[in-house]
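If you read the sequence from its start, that first residue is 1, and numbering goes on from there. Scope of the values below: all heavy atoms of this structure, side chains included, with no hydrogens, waters or symmetry mates. Just so you know, ligand 1 is whichever comes first in the structure, and atom 1 is the first atom listed for that ligand. Please read all numbers here as calculations on a predicted model, not as lab measurements.
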Amino acid sequence: MANKKTKPEKPTAEPSNKKSEQLGQFRDDANGQLMTTNTGTKINDDQNTLKASDRGPSLLEDFIFREKITHFDHERIPERVVHARGSGAHGVFKVYESQSAVTKALFLNDTETETPVFVRFSTVAGSRGSTDLARDVRGFAVRFYTQEGNFDLVGNNIPVFFIQDAIKFPDVIHAVKPEPDNEIPQAASAHDTFWDFISLTPESTHMIMWVMSDRAIPRSYRMMEGFGVHTFRFVNADGVASFVKFHWKPLLGVHSVAWDEAQNISGKDPDFHRRDLWDSIESGAFPEWELGVQIVPQEDEFKFEFDLLDATKIIPEELVPVQRIGKMTLNRNPDNFFAETEQIAFHLGHIVPGIDFTNDPLLQGRLFSYTDTQLLRLGGPNFQEIPINRPVVPVYNNQRDGHMRQAINAGKTSYGPNSLGGNSPAQAKATEGGYVSYNERIDGRKIRVRSKSFLDHFSQARLFFNSQSDPEKNHIIDALSFELGKVKTIAIRERMLGILSMVDKGLAAEVAYALGLHVPTPETPINKNIPADADPGDYESVQVESSLKKSEALSMANTIKDSIQTRKVAILAADGVDEKSLFAVKEAIEEEGGAVEVIAPRLGFIMSQNDEQIQVDDTFLTTASVLFDAVYVPGGTNSVASIAAEANAIHFLNEAFKHCKPIAADANAMQVLEATYFSKKMENDEGVIVSDDAEGLASEFIEAIKQHRFWEREKPRRIPA
Ligand code: HDE
C-alpha cells in the first residue's frame, strides 16, 4: 500500500517502560508456561470442578473453581455514565516549532521530543455495546504523557456544547439517554425527552445545528476534527497569558456517511468505526491530525460579539486563524481493550505548567466531575496507579493507602513538612517546574446567575446553517424531520419549529412541511431554564446578528479531497471475470493507498476468463455496500452475466448510488448497470464512470473517490409551500 508506514517495533507510548515491573508476578508472557492460581499454585485440572464422585455434587472446597468464577463474576466495572462506547489507540505527538512565545509547556516547546499519547474516541449517549454509527457527538479525548506530567485534552468532534453551565449536564444527559420507564431508545436522540429538553433550552440551538448535520455521522474517527471546546489559557515563561482554543485537523479531511447508510451500518457492522481504526493502524496506514490553536491575547478578551467563556460559541476562523503547531500520529493498537481503553481515566484537571483554565462555567464544573466519576468507575482513589494512567515521570507525594494500593511506600513520613524524612518530597518552585495557577484577579459578588453576555443563542446557529452547502443544508432539514418525526408529542415538535424559525425561516418551513405542521406564532422560543425568582427578561435569548455571514471552515464541502488513502473499494466479480479489467483498477487503487475487496457470489476463489485464480474476500451475504466507499464492476462475459442475475449485487449497486458513492464499470459490464434502477436516470450520473480503457477508467475513478461523495446526485429538493 502506498504511504504505508512501518509499525514501531517497540511500544512508543508505554507509560512505564518495563512491563514486567508493572505486572509484578502477574505476567503476560504465558507462552509455554504452566497455569497457576492467583496465588501461584500450579493448576492440574481447569476443566472439571471437584465433585463427590464422578456424578456427585460439586464441593465448596474447590478453591480453583471458586477463584476462577469469583474473578469472572467481577469482570465488569460500571461503564462511563456518558461516552461509554469508545475505542482507543496509542501514538505520538511532536510540535513543529517552539511555542515558547505563548506557552511554557515543554512538550509544546521542544521540537525534538516525541510525546507519547493515548486517544479515546467515543459516542456520548449509547451504552458500551451500542452501535458506532448513532447520530451523536463523538468524544475526542487525548492524553499526552509529557515530561512534566499527563496533560489531557478531553474534547469532542463538535466545537460547541448543548449547555452553558455544568449544573445542567445531568439534565441534558438524562434527556438524551433512553427514557427511564422502558429504556427505549438506545443510542438515539430521536425521542420525546431529548427534544422536550432542547425545545425548552434555546442555548442548545447552535449545538443542535451541528448534531443534526453530517458531522454527527462520521465516515471514520480518522476523518473527523477534534475541538477542546472551551477557551483555555496559555501562559509563557514570563507569566504572560493568552486565551487559546484547541483544534485537531485530520490529514485525511473531514468526511461523513449518509444517514440512511449510518442506520444500515448499525446493523451490518455496529463496530464500523472501531474496526476501521484498528484495521488502519494494523495495516500501517496511521491516522494523523495536526494540532491547531487559535490564540487571543489577554487584552482582546472583550473584542468579540460573543463571550469567550461561553461554550456554545466558536471563534470563527475568519476572525482568528487556526495555526497548525504540531502533529499527532496514532501508530499502535492497545494490547488489551479493558486494561487500556476502558481503564483510562481522562480529566481536564490533568494539566501541565504553561496551560491553564478559564472561568467558562462548563469547564469549571467538569473540573469537579471527572475525578468524581473515576472514583466510582475504577473503585477508589488509586486509579492513577493503573498502567494506562501512570505518567511517564515519577510520582512523589504523601498520599497513602486506599483500595487496591499498588505502591509500597517505605519509611515513616507521609506528611509534610517533616524533619524525619529530610522534608521529602519537597514542593517545587516555579523555576523547578512547579505548577503555579495563573494569577487572575477575581473581584465579584457570590451570585447564581447567567451572564448577560451568554444570552445570544441563535447568531452562531445561523452562521453555521448559512455556511453549509446545499446538500449539507438538506441533510440538516432531513435529520430534523427524522428526529422530530419520531417525537410523539405535538407540542414539542411545535416548540422546536419556533426555535428553528429563529435560526432560519426557510429551515423551519421545510421541517414544518415534513411534520405536517405550521411554524407557530408567536415564534419566540420558550426558555424554561430560568431561576424561580428571576425576571425572565434577564434570561431570555437576545437577538444578535453576527457580522460574519459565512465561515468556510464550517462546511465539510470545503474539506481537503486529495487522497483515497484507506478508502474501501468493492469489486463485484464472478467466474469468468476479465482479470485485466479487474487488476488494472485494483492495482491503481492500491497504489494510491486505497483498499480493495473482491466480492463474489461465494467464498474461496473465482476463475478468471483466462483461468487465473482470484481470491474472494467477501460474498453478497457477508458484506454490504454500506461498508465500502466505492464500487467497481469489471468486464468478462460470464462474470457480468452472473452479477447481473444476482439480486444482491444489483441491490449493492443501487444502494451505493443512493448513498452518492463513486461507481465505475468496464464498458463490457453495461449489462450489470442496466439492471440497476439508476441506469434509467443517468442524467444524475456524476460519479458514475463507464469506460473500455481500464487505465483511464482507474484514474478517473480515483479522482472520484477523492471527492468522497456526489451529494448533488440526491434528488432535487421540494420547494416549500
Ligand atoms: Fe464530559 N464527562 N462532561 N464533556 N466527556 C465524561 O468522565 C462532564 C463535556 C468528554 O474517553 C465523564 O470519565 C460534565 C464537554 C469526553 O474516557 C464525566 C460536563 C466535552 C469524555 C463527564 C461535560 C466533554 C467525557 C464520564 C458538563 C467536550 C470521554 C466518564 C460540564 C469538550 C472521555 C468519564 C473518555 C466523559 C462529565 C461536558 C468531553 C461524567 C459534568 C463540553 C470526550 O465525568
Please state which protein non-hydrogen atom is closest to [atom] and give its distance, to 0.1 Å?
atom: atom 5 (N) of ligand 1; value: Tyr370 OH, 2.7 Å
atom: atom 18 (C) of ligand 1; value: Ser369 OG, 3.8 Å
atom: atom 17 (O) of ligand 1; value: Arg80 NE, 2.7 Å
atom: atom 28 (C) of ligand 1; value: Asn156 ND2, 3.1 Å
atom: atom 25 (C) of ligand 1; value: His83 CD2, 3.2 Å
atom: atom 41 (C) of ligand 1; value: Phe169 CD2, 3.3 Å
atom: atom 32 (C) of ligand 1; value: Arg366 NH1, 3.1 Å
atom: atom 35 (C) of ligand 1; value: Arg120 NH1, 3.1 Å

Check [Y] with [X], please: is the shortest side-chain N to carboxylate O separation under 4.0 Å?
X: Asp538; Y: Arg450; result: no
X: Arg80; Y: Glu342; result: yes
X: Glu290; Y: Arg324; result: yes
X: Lys313; Y: Asp307; result: no
X: Asp276; Y: Arg219; result: yes

Could you list which atoms of ligand 1 come closer than 4.0 Å to a heavy atom of [X]?
X: Gln374; answer: 13 (O), 34 (C)
X: Val229; answer: 28 (C), 32 (C)
X: Val81; answer: 40 (C)
X: Ala166; answer: 31 (C)
X: Gly155; answer: 28 (C), 32 (C), 43 (C)
X: Phe346; answer: 11 (O), 17 (O), 33 (C), 35 (C)
X: Thr373; answer: 7 (O), 13 (O), 30 (C), 34 (C), 40 (C), 44 (O)
X: Gly139; answer: 43 (C)

Option with minimal heavy-atom separation from atom 42 (C) of ligand 1, where the choices are Phe227, Phe161, Phe121: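 The residue whose heavy atom sits nearest atom 42 (C) of ligand 1 is Phe161.
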Are any of the side-chain heavy atoms of [X] and [Y] separated by less than 4.5 Å?
X: Thr205; Y: Val503; answer: yes
X: Phe458; Y: Pro525; answer: yes
X: Asp356; Y: Ile351; answer: no

Pair Trp289 and Phe121, ring centroids less than 6.0 Å apart: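 Yes, the ring centres sit under 6.0 Å apart.
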Check: Phe246 ring centroid to Phe234 ring centroid under 6.0 Å: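 Yes, close enough.
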Donor + acceptor pair across side chains of His350, Gln384 (<3.5 Å):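 Result is yes, a qualifying pair exists.
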